[in-house]
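Down below is the structure, laid out as structure tokens.
Residue numbers run from 1 in the order of the sequence given. What you are looking at is a predicted structure, and each value in this text was computed from that prediction instead of being measured.
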Amino acid sequence: MREVPSGYLLFCSQVSSDGTNRTRLFTRVVDAAGEQINEQEFFAGIERHYITGTIDPVANRSDGNFAAPIFDISQGFDMRTSIFIHNELGDTLVTRVVLNYSVSDSILATPNQLRMCVDGGAYLCGSADPYSPPTALADALLVRLDQNGDTLWTHRYSPTPQSVYHGLGVLEFVDGGAIMVGYRYQSFVLDEYFVMRTDALGAMQWIRYFGNRAKAIDAAVRLDSEGNIITYSAYREQSYPTYYGQFMLTKWSPGGDIIWQKKSHYGRNYYVGDFEVLPDNSIIAVGSHDGGGELMRFSAEGDSLWTRQYVAFASSERHRLFDVQPTSDGGFVAAGSCDQYWGDPTPNLETEWMIKTDSLGCVVPGCQYVGVQEVVVDLQTHLLIAPNPTSSLLQAELALPPGAALAGAPRAVLLSGQGHEVRAWPLRHGGDKLTLRVDISTLPSGVYYLHIADGERWLAGGKVVVE
């Protein structure tokens, strides 16, 4: 997901509607309000699956275009890894095959992430999994490409015997070498993440293992402004109750020493998404646990500053956020997938979802003053505020989906444009609607923000102009 002049460009893999039941590459462009204005499906009708990585596989090119590694496989199990270059409209400009394995090669090479280098080339990481002989195990894969997309070299890493290695994230280090984060699995041994540094020719300089009983095969890596390495991953203790797991941020020196390591957000059903290091070295990250997608802000020392949890469908217990990007207005945009359940509009459908927030994670400014951290985003389009602008009467109506249950008494909070609470009122709950009708004729003219919440969640909100 990337910000473009017309709004936001999203990349995903999903099952085609062409009847082949094959997975295809899709691009979508949505405007600043989140409304889709363009959709493209690539390779419809071709008897191959096209799959991209989960944790932000897309690289920003210096020419303003975007590059993404795509893995495709035929029914006969011949496999390719290609680089697709897209413009801001999602159109494919160039397709270049960088890895090609026939059925006889018996190698499943899956790309997870592509990152550009200062010379116009790129690093590509993933895994190479031989099918033959049966005892062969997957290696972490690192490929260096030149500015034309030609392969300069390819390395496979498996430093410990009888282990499975997956490369999950990669970037170019300041000396032209690579930093790769990944996952190691060993039978009867606690699973762990690894972070590895190589030289410019791919020779491993050092590798470190961390994460304890990790079990979540997602991780990301970035550099801060001082050239230190930051990894974002999961962590699990070996015994109950902390067995469920936590998110973990680790800052490493260029030599592989831990500068600090912080764990937070203990919970169950947790998944790690992507993160970004902001100009002041603070961190914005996404993930999910306990069924909700989360946007989290950390200080430059890895301490938690705030967290917002979002759900798109009230019945779903599986909301994941994969990618987060800072936006030009100082806020953030995040995207992922969620499963609709029986009480949702399209049961059993895995659905893309996207969230645009301000700098504090609020869909409508001021949510941090309402006293809740969970945000329900699918109700926002069901809120009606009228008249607006107004000078005397403020009316609001929020339609609730069938079977929706409130967690406590619903209320409305009106904030000033500076974020100060001006008024608060209980809401009438009649049938499938929450309603508000109040006199605001004594309020000074200006811009206000109305927030609707129950005892635990932010439900909806909007701007109110008082004349």
Side-chain angles (χ1 to χ4, degrees), residues 13 23 48-59 67-74 77-84 97-115 122-145 151-172 178-187 189-198 202-204 207-211 214-221 231-234 271-274 322:
S13 297
T23 303
R48 300 183 73 90
H49 288 286
Y50 291 83
I51 304 168
T52 189
T54 300
I55 304 298
D56 188 15
V58 179
I70 306 296
F71 164 73
D72 65 280
I73 182 170
S74 74
F77 294 102
D78 63 295
M79 307 159 202
R80 300 179 302 201
T81 293
S82 304
I83 304 300
F84 288 71
V97 177
V98 296
L99 298 172
N100 196 341
Y101 295 95
S102 67
V103 177
S104 60
D105 288 320
S106 300
I107 292 179
L108 176 65
T110 54
N112 281 319
Q113 193 171 85
L114 180 79
R115 285 292 176 262
Y123 277 112
L124 171 68
C125 81
S127 61
D129 189 358
Y131 280 133
S132 180
T135 57
L137 300 175
D139 300 330
L141 178 68
L142 183 63
V143 181
R144 180 64 159 93
L145 306 171
T151 300
L152 296 176
W153 50 256
T154 299
H155 281 288
R156 291 164 56 178
Y157 307 89
S158 185
T160 55
Q162 298 302 307
S163 302
V164 173
Y165 281 79
H166 295 284
L168 302 175
V170 69
L171 53 80
E172 183 183 28
I179 302 293
M180 180 166 58
V181 67
Y183 182 81
R184 177 181 69 170
Y185 170 77
Q186 297 175 286
S187 297
V189 179
L190 297 180
D191 311 331
E192 293 179 301
Y193 293 101
F194 69 84
V195 60
M196 174 194 302
R197 179 178 166 185
T198 77
M204 187 173 67
I207 187 169
R208 302 289 185 266
Y209 298 96
F210 64 103
K215 284 296 184 184
I217 312 180
D218 289 316
V221 61
T231 57
Y232 175 48
S233 59
Y271 300 92
V272 174
D274 196 23
F322 299 128

Any side-chain heavy-atom pair of [X] and [Y] under 4.5 Å:
X      : Y      : result
Leu142 : Trp153 : yes
Phe84  : Thr52  : no
Thr151 : Leu145 : yes
Phe71  : Pro57  : no

Return the [atom1] to [atom2] distance between [X] and [Y], rounded to the nearest 0.5 Å.
X      : Y      : atom1 : atom2 : value
Tyr50  : Ser82  : OH    : OG    : 7.5 Å
Thr54  : Asp274 : OG1   : CG    : 11.5 Å
Asp129 : His166 : CG    : NE2   : 7.0 Å

Legend entry - Cation over ring face, Arg144 and Tyr123, 6.0 Å, 45°: yes
Do [X] side-chain atoms and [Y] backbone N/O form a donor-acceptor pair below 3.5 Å?
X      : Y      : answer
Thr110 : Ala128 : no
His49  : Thr23  : yes
Asn112 : Gly167 : yes
Arg197 : Met180 : no
Thr198 : Ala178 : yes

Which pair of heavy atoms, one from [X] and one from [Y], lies closest together, and at what distance?
X      : Y      : value
Gln113 : Leu168 : CB-O, 3.8 Å
Ser163 : Leu137 : N-CD1, 3.3 Å
Ile55  : Ala219 : CG2-O, 4.3 Å
Asp72  : Arg48  : OD2-NE, 2.6 Å
Met196 : Ile207 : CE-CD1, 3.8 Å
Ala234 : Tyr193 : O-CE1, 3.3 Å

Inset, instruction - For a ring pair (Phe, Tyr, Trp, His ring centres under 6.0 Å) with Tyr165, tell me which candidate from Tyr185, Tyr157, Phe194 qualifies. - result: Phe194
Inset, instruction - Step by step, work out the side-chain contact (heavy atoms from CB on, under 4.5 Å) result for Thr81 and Val143. - result: CA-CA 11 Å; Thr81 293; Val143 181; over 6 Å; no
